[in-house]
Structures are given as C-alpha cells and as structure tokens.
Amino acid sequence: MASRTDQFTSPDYFLLDELLTEEHKLIRDSVRNYVKKHISPIIEDYAQRAEFPVQIVKELGELGCFGPTVPVEYGGGSLDYIAYGLMMQELERGDSGVRSTASVQGSLVMFPIYQYGSEEQRKKYLPKLGSGEWLGCFGLTEPDHGSDPSSMISNFRDAGDHVILNGAKMWISNAPFAQVAVVWAKDEKGEIHGLIVEREMEGFSTPTTHGKWSLRASATGELVFDNVKVPKENILPGVKGLKGPLGCLTKARYGIAWGAIGAAMDCYDTALRYSKERQQFGKPIGAFQLQQKKLAEMLTEITKAQLLNWRLGVLMSEGRATPQQVSMAKRNSCEIATNICRQARQMLGGMGITGEYSVMRHMMNLESVITYEGTHDIHLLITGMDVTGFNAFK
Ligand code: TGC
Ligand code: FAD
C-alpha cells in the first residue's frame, strides 16, 4: 500500500487551546508533527501485516514521550499532566498501538520503578527506558485472572540472595520486544510485590500472541516464568499489595482518557473531510441532514471529553485527582470514541472498511482500549461504588 499524506486538522470548537500554555502547545505540536511525518505514512501497512514498528521505540524516546512526568534526572521530562495527556492524544490520533507502547513504558514501567524502586533501580533502568534504548512491559493479567488481579497465582519463594519466580502472565503489551518486565507476583505470605525481570534471566520466555483483529501494530505476548532466579535487589522495595499495580494503572488510564479522544478526533476529521468531497444524488453527502447529525454529535462529544480531560489534567498536576475520577474519564473517552469511530466508518460507506482511511483501524483498536486497563464494566462499577459506597464487584 502506498504511503499516504496526513491531512489532519484538529477540532477545537470551544477554543480549548486558550487553556494551554505555550509549552503545552509546543509539545503537542511536536508530537503531532512526528505522527504526521513518521506514523501516519507507515502505520496502516504495519497494522495490515500485524507487525510492530520497532523503530518507534527509539523515536518516541527521543521525542520525550516516555515517562514525561518522571523527573529529568531519571530519564523523564519533569512535565505536568496536561503535557502528558496531550502527548497521548496525539500518539493515539495516529494509532492506539503507538500510544500503548508509550503508556506501558512511561506509566507502567518507568512510573513503578521511579515511585516504588530503590535509588540503584532508578539509576540502572530509568535513563535507558526514558531514551528508548530499552523497552519495558508490565505483567499483571494472568490467563485466569483479568479483572480480578488480586487472585493472581504467579508467585515467588525465598532462596537466599535471590527468589524463584513461577507463573504466567497473558495479554502483555510490548512483551515480545521488551528487555525488562515489571511483574506482579505473590510472596510466600500471599502478598503482592513488583519484580523487575530481565529478558536474559533463565526460565523466562515471552511467546507472541497471534491472531488479533485489534491493536495489530502493537506487539502482545505472554510472560512465562519457569523457576526464574530473580536477584532480591530486583524486587521493588517501596510497595506491597494490589495498590502497587493499581497505582500505576491510574497513571496509564489517565493517558488513555486523552488517547482515545485522539482516535475520535482523527475519525471525526476524516468523516468531515469525506462528507464535503463525496457526492451522491448530485450534492456532497455533508449536505444531507442525517450526515450532519452524525458530525454534530461527534463534535459535541469530543468537545465535552476534551473539557473533562483538561480539568482532570489540572487535578492530576495538583495531586488532587482521585482514581475514581480517572476511571470515569477513561470510561467516557472509550465509549464516545468507540461510537464516533463506528459512525465515521458508516459515513465513509464502502471506503470506510478499507485501509485507505484510518477509521476502521481506529475502530478495531478501540475494542482493545475499551477492554484493557480495566474493562468498561469495571470502570462503571468503580464509579458505582464511589457514589453509593456499595461494592458490586464481589
Ligand atoms: P481493592 O480492595 O479495591 O483495592 C486494593 C488496594 O488498592 C487500592 N486501590 C488503588 N490504588 C491506586 N489506584 C487505584 N486505581 C486503586 N484502586 C484501588 C485500594 O485502596 C486498596 O488499598 P489498600 O491500602 O486498602 O490495600 O481491590 P479489589 O481486589 O477489590 O479490586 C478492585 C478492582 C476490580 C477495581 C481492581 O482490581 C481493578 O481495577 N481491576 C481491573 C484490572 C485492570 O485494570 N487490569 C489492567 C492490567 S494492565 C493493562 O491492561 C495494560 S494495557 C496497556 C496498554 O497497552 O496501553
Ligand atoms: P475478564 O476479567 O475475564 O472479563 C470478562 C467479562 O466479564 C468482561 O466483560 C468484564 O467486564 C466482565 N466482568 C468481570 N468481572 C466482573 C464483575 N465483577 N462484574 C461485572 N462484570 C464483570 N494486561 C497486563 O497486565 N499488561 C498489559 O500490558 C496488557 N495489555 C493488553 C493488551 C491487549 C491488546 C489486551 C486485549 C489486553 C491487555 N491486558 C494487559 C489485559 C487486560 O487488562 C485484560 O484483558 C482486562 O483487564 C480484562 O481481563 P480479561 O480479559 O481476563 O476479562
């Protein structure tokens, strides 16, 4: 397939750019330009071939997309959460799998090493991860424990200066290419800890997951631990219990709230342009009320979500956002983005199912995005519990 020109124009119906600083806009525009130049021309082909464009790891590192809120001295960008959100929005405008790579590296690998790691762990891993020299992955989900990670069975036992790790993780983004994995497993007392597992460790393997119809340009795999000897200095000392991995998920879910809107913005923009160009019954399809209704509703939902994300970003930067607010935003963005992509796909008629346009790829990708980092149901139950005080999970 020939490489394509990216004609994206960002919808900003309520002049939200005025809420951003000059630095925010510079960062947003540099990621947008990168996506236009280096992602949009190639991503459809990679997705069609179900291949991970491995070169983006270094590129995203150079662009500062890995761990933007982590301090500079540890390989991050010392930026605020609006800057981080804008980066995720722009990356996912290109492809959810590209944003996934950055979410996992920054929020699920660098963040726990920074937040819960020892000084030695921070110095050893964070600069390499921040620059994209190394890729990381995050192992929480298991074959029999997805929404309910507290029931995980992956475990380790004390063996002197090291521990012996056994178990398996499933559905792990970046796994087939990762040099390091942050893995959550139970000790002999049944308490959950984070361990940094390196690719070379004997008994550790990362089989690739094949046959996905979604997130095809992102590499997904398993993590298999067969009596892996992990040095004790690789255990994250600063946290135990499920709040360790869930704390990382709060950061990553925040990035998804922005990212999914990026995919929706791309689909809206594509459908708007198509509606002005495509003629049927002697006029552009955009002149028909039914198509205008779709576009008007898409833009309304995008604008509401942009405002919600911006406010959440302010609260995150001030350290006042709750995990429950993050759940609401992640859920809302995924829902409206999924609907918008479906509407856009219909507006493109037959062309909407082809790789000539990005909408079908976004639509398929969002089926993963609405599932991972907590399913749509789980986030609804988190809000339900927050407002009623009743736990409807169990
Ligand atoms: P529960 O008893 O509610 O909580 C256990 C402890 O954790 C604390 N906590 C949180 N802390 C920080 N952030 C959050 N979001 C938190 N949610 C809960 C909580 O206060 C408690 O602390 P403490 O001190 O009392 O111990 O736990 P539960 O077992 O009842 O489970 C609750 C539930 C269902 C909401 C949770 O387990 C959940 O969120 N399940 C969904 C699992 C999930 O999201 N998995 C994602 C896997 S990673 C992934 O998908 C990456 S995709 C990456 C990509 O490619 O972009
Ligand atoms: P299940 O938990 O089995 O859920 C099945 C259905 O039951 C869902 O509809 C769910 O909403 C519903 N359900 C479950 N519990 C309840 C309840 N209490 N009340 C009502 N309904 C309920 N995980 C990682 O650890 N690291 C990764 O990097 C990672 N990357 C991923 C990449 C992709 C492409 C995908 C698809 C998944 C990834 N995941 C990753 C796993 C993801 O987080 C899980 O798929 C997700 O948490 C759901 O778990 P599950 O698939 O086991 O579904």
Side-chain angles (χ1 to χ4, degrees), residues 50 52 88 91-92 95-109 111-112 115-116 135-152 154 168-178 181-185 191-192 194 206 208-223 239-260 321-331 334 364-386 391-394:
F52 176 55
M88 298 304 117
L91 292 180
E92 193 147 0
D95 189 82
S96 302
V98 176
R99 195 269 309 137
S100 241
T101 301
S103 288
V104 172
Q105 182 92 338
S107 294
L108 299 181
V109 181
F111 172 77
Q115 192 69 24
Y116 314 133
L135 183 66
C137 67
F138 174 89
L140 180 64
T141 306
E142 300 190 347
D144 294 326
H145 306 284
S147 297
D148 176 21
S150 75
S151 302
M152 68 172 67
S154 291
K169 300 287 178 181
M170 193 178 175
W171 293 117
I172 308 304
S173 300
N174 296 353
F177 290 88
V182 169
V183 175
W184 300 92
E191 280 176 334
I192 296 172
T206 60
T208 303
T209 303
H210 295 287
K212 291 181 298 169
W213 282 116
S214 172
L215 232 62
R216 288 170 64 81
S218 162
T220 314
E222 294 167 52
L223 305 177
V239 79
K240 64 178 177 198
L242 194 60
K243 63 176 179 293
L246 289 179
C248 308
L249 289 172
T250 296
K251 309 287 175 205
R253 290 166 177 173
Y254 168 77
I256 292 179
W258 283 81
T322 66
Q324 292 80 3
Q325 288 169 334
V326 173
S327 281
M328 182 184 281
K330 191 265 184 187
R331 186 173 189 279
C334 288
M364 306 278 269
N365 282 342
L366 284 165
E367 291 298 329
S368 289
V369 181
I370 204 167
T371 299
Y372 65 31
E373 306 254 7
T375 67
H376 216 48
D377 296 330
I378 290 297
H379 289 295
L380 180 134
L381 293 173
I382 288 172
T383 305
M385 184 166 135
D386 199 34
N391 183 337
F393 292 105
K394 300 169 187 172

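Computed from heavy atoms alone, side chains included, the values below leave out hydrogens, waters and symmetry copies. Atoms within each ligand, like the ligands themselves, are counted from 1 in listed order.
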Q.
If the test is side-chain hydrogen bond (donor to acceptor under 3.5 Å, both in side chains), which one of S214, S173, S218, S96 qualifies with S368?
A.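 Going through S214, S173, S218, S96 one by one, the side-chain hydrogen bond (donor to acceptor under 3.5 Å, both in side chains) with S368 is satisfied by S214 alone.
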Any N or O on [X] sitting closer than 3.5 Å to an N or O of ligand 1?
X    : answer
I256 : no
T250 : yes
S100 : yes
T141 : no
R253 : yes

Q: Determine, counting only non-hydrogen atoms of the protein, whether one lies under 4.0 angstrom from atom 55 (O) of ligand 1.
A: yes
Q | atom 35 (C) of ligand 1: any protein heavy atom closer than 4.0 Å | A |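 Yes, because at least one protein heavy atom sits under 4.0 Å from atom 35 (C) of ligand 1.
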For ligand 1, is any non-hydrogen atom under 4.0 Å from [X]'s backbone (N, CA, C, O), its side chain (CB onward), both, or neither?
X    : value
V104 : side chain
I382 : side chain
L381 : neither
F393 : side chain
P149 : side chain

Q: Over 60° means perpendicular and under 30° means parallel, so classify the ring planes of Y116 and F111, tilted if in between.
A: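 Ring orientation, 0 to 90° scale: perpendicular.
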**Q.** ligand 1 atoms in contact with L108 (distance to a heavy atom under 4.0 Å)
**A.** 51 (C)
Under 3.5 Å, N/O to N/O: give me all the pairs between ligand 2 and the protein, one per line with atom names and distance.
{"from": "ligand 2", "atom 1": "2 (O)", "to": "S147", "atom 2": "N", "distance (Å)": "2.9"}
{"from": "ligand 2", "atom 1": "2 (O)", "to": "S147", "atom 2": "OG", "distance (Å)": "2.6"}
{"from": "ligand 2", "atom 1": "9 (O)", "to": "D377", "atom 2": "OD2", "distance (Å)": "3.3"}
{"from": "ligand 2", "atom 1": "11 (O)", "to": "T375", "atom 2": "OG1", "distance (Å)": "2.7"}
{"from": "ligand 2", "atom 1": "11 (O)", "to": "D377", "atom 2": "OD2", "distance (Å)": "2.7"}
{"from": "ligand 2", "atom 1": "18 (N)", "to": "F393", "atom 2": "O", "distance (Å)": "3.1"}
{"from": "ligand 2", "atom 1": "23 (N)", "to": "T141", "atom 2": "OG1", "distance (Å)": "2.7"}
{"from": "ligand 2", "atom 1": "25 (O)", "to": "L140", "atom 2": "N", "distance (Å)": "3.0"}
{"from": "ligand 2", "atom 1": "25 (O)", "to": "T141", "atom 2": "N", "distance (Å)": "2.9"}
{"from": "ligand 2", "atom 1": "25 (O)", "to": "T141", "atom 2": "OG1", "distance (Å)": "3.1"}
{"from": "ligand 2", "atom 1": "26 (N)", "to": "F138", "atom 2": "O", "distance (Å)": "2.9"}
{"from": "ligand 2", "atom 1": "28 (O)", "to": "S173", "atom 2": "N", "distance (Å)": "2.9"}
{"from": "ligand 2", "atom 1": "30 (N)", "to": "W171", "atom 2": "O", "distance (Å)": "2.7"}
{"from": "ligand 2", "atom 1": "30 (N)", "to": "S173", "atom 2": "OG", "distance (Å)": "3.0"}
{"from": "ligand 2", "atom 1": "39 (N)", "to": "W171", "atom 2": "O", "distance (Å)": "3.1"}

